[in-house]
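Along the sequence shown, residues carry numbers from 1.
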Amino acid sequence: MANRGRLFVISGPAGAGKTEIVKKLLEKHPDVRLSVSCTTRAPRPGEVNGVNYHFVTEERFKELIDQDAFYEWAHVHQNHYGTLKATVQNELAEGHDLILEIDVQGCLQAMAQDSSVTGIFVCPPSRENLEQRLRHRGTETEESIRVRLNNVASEVATAYKYHYVIIHQDWSDVPNALEIAADEVYAVITAKRLEIENRRDFLDHLNASLRK
């Protein structure tokens, strides 16, 4: 029987690079899986329903809330986001280590209800760099950028409640910043796998064999 998987929640300000980091992580390490969240926001160019998000209407999202179908959900930047319970529990039961790339509210909910959840906060190197990244995406209106930047201070203030902080450096200063950030996230995952609780069965077996 496979050991139960571990759940890692990743969040940070919009534009910090969470999506790029997770994408690079999954490319390099197929032993880690991504949980696909639901959202009511419109797909961005290149996003695929069921791969990046499950894109649903506000009406359908509210139905899922009423059905208590979400592991966590939140209203962020004028849209709803949520993670389905069935998605998380099925993956963990099968022994898969699972990444949730979700907003700060959702991460705090997940960590509050499950002490085994590992929280990873992604930070930009500076406010100026964050604004530059948001504008570079080309998918945000001026109003959207203003809303997101106004939310940054309160979002970064929650980083103290997480277990790990990843600083996604400025690409112009550190050309391989994305690679470094992805490797640091995988280092966290590896460290959790090596904790005593995840090696207890092996140690029990080894100790028993040495006593013969």
Side-chain angles (χ1 to χ4, degrees), residues 5 7-27 29-30 32-94 96-111 113-114 117 119-122 124 130 133-152 154-155 158 168 178 181-182 185:
L7 182 60
F8 300 86
V9 290
I10 294 182
S11 70
K18 303 179 295 297
T19 300
E20 291 90 346
I21 291 170
V22 170
K23 182 179 178 181
K24 177 63 69 175
L25 172 72
L26 298 176
E27 285 176 358
H29 303 287
V32 181
R33 295 197 178 190
L34 175 67
S35 176
V36 180
S37 300
C38 290
T39 184
T40 58
R41 77 159 170 77
R44 292 178 183 144
E47 288 185 331
V48 178
N49 187 40
V51 175
N52 303 98
Y53 283 97
H54 297 296
F55 295 100
V56 299
T57 63
E58 285 282 355
E59 182 180 13
R60 177 57 181 155
F61 199 97
K62 290 174 182 176
E63 288 176 356
L64 290 168
I65 293 174
D66 292 341
Q67 294 166 11
D68 194 28
F70 287 118
Y71 181 71
E72 58 75 30
W73 68 271
H75 186 257
V76 183
H77 305 311
Q78 304 168 329
N79 293 293
H80 281 98
Y81 295 83
T83 304
L84 294 170
K85 289 179 180 177
T87 300
V88 172
Q89 295 308 322
N90 289 344
E91 292 282 0
L92 296 181
E94 292 177 7
H96 301 135
D97 286 337
L98 193 63
I99 292 276
L100 288 186
E101 183 206 328
I102 52 180
D103 63 276
V104 169
Q105 293 178 50
C107 276
L108 296 179
Q109 284 181 40
M111 290 189 289
Q113 66 180 293
D114 186 349
V117 170
I120 303 172
F121 193 91
V122 177
L130 181 64
R133 287 176 178 173
L134 286 172
R135 294 188 183 283
H136 181 71
R137 288 202 304 204
T139 60
E140 312 289 343
T141 63
E142 280 299 316
E143 172 65 14
S144 174
I145 291 173
R146 186 186 64 78
V147 168
R148 290 177 185 274
L149 288 175
N150 285 343
N151 289 337
V152 170
S154 60
E155 289 176 331
T158 68
H168 189 193
L178 180 59
V185 173

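Side-chain N or O atoms of N52 include one that pairs as donor or acceptor with a backbone N or O of V48 at under 3.5 Å. The closest donor-acceptor contact from the side chain of K18 to the backbone of P13 lies under 3.5 Å. Between the Q89 side chain and the Y71 main chain, no donor and acceptor come within less than 3.5 Å of each other. A side-chain donor-acceptor contact under 3.5 Å links Q105 to the backbone of H75. Of the possible polar contacts, none joining the K24 side chain to the A181 backbone as a donor-acceptor pair under 3.5 Å is found. Between the side chain of D97 and the main chain of V32, no donor-acceptor pair closer than 3.5 Å is present.
Nearest heavy-atom pair, L98 versus S35, reported as atom, atom and distance to 0.1 Å: CD1-N, 3.7 Å. A110 and V117 get closest at one heavy-atom pair: O-CG2, 3.9 Å. The nearest pair of heavy atoms linking Q109 to A74 is NE2-CB, 4.5 Å. The nearest pair of heavy atoms linking A16 to H168 is O-ND1, 2.8 Å.
Within the 4.5 Å cutoff, side-chain heavy atoms of S11 are placed close to those of F121. Looking at I10 and I99, their side chains come closer than 4.5 Å, going by heavy atoms from C-beta outward.
To the nearest 0.5 Å, atoms NE2 (H96) and CG (L34) are separated by 13.5 Å. Here L178 contributes atom CG and I21 contributes atom CD1; the two are 6.5 Å apart, rounded to the nearest 0.5 Å. The OG1 atom of T87 sits 7.5 Å away from the CD atom of E91 when rounded to the nearest 0.5 Å. Note that the CZ atom of F55 and the CZ atom of R41 stand 5.0 Å from one another [nearest 0.5 Å]. The line from OG1 of T83 to CD1 of I102 is 5.0 Å long, rounded to the nearest 0.5 Å. Here the straight-line distance linking atom CG of L64 with atom NE2 of H54 works out to 10.5 Å at 0.5 Å rounding.
The pair R60-E63 counts as a salt bridge, with a side-chain nitrogen and a carboxylate oxygen less than 4.0 angstrom apart.
More than 12 heavy atoms of other residues, nucleotides or ligands shown are found within 6.0 angstrom of CD on Q67. Shown here is E59, whose CD atom has no more than 12 heavy atoms of other residues, nucleotides or ligands within 6.0 Å. Counting non-hydrogen atoms of other residues, nucleotides and ligands closer than 6.0 Å to NZ of K85 gives a total above 12.
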Item to check | Criterion ring pair (Phe, Tyr, Trp, His ring centres under 6.0 Å) on F61 and F70, from CA distance to verdict | outcome: CA-CA 10 Å; F61 199 97; F70 287 118; 4.6 Å; yes
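The aromatic rings of W73 and H80 sit tilted relative to each other, their planes meeting at an angle between 30° and 60°.
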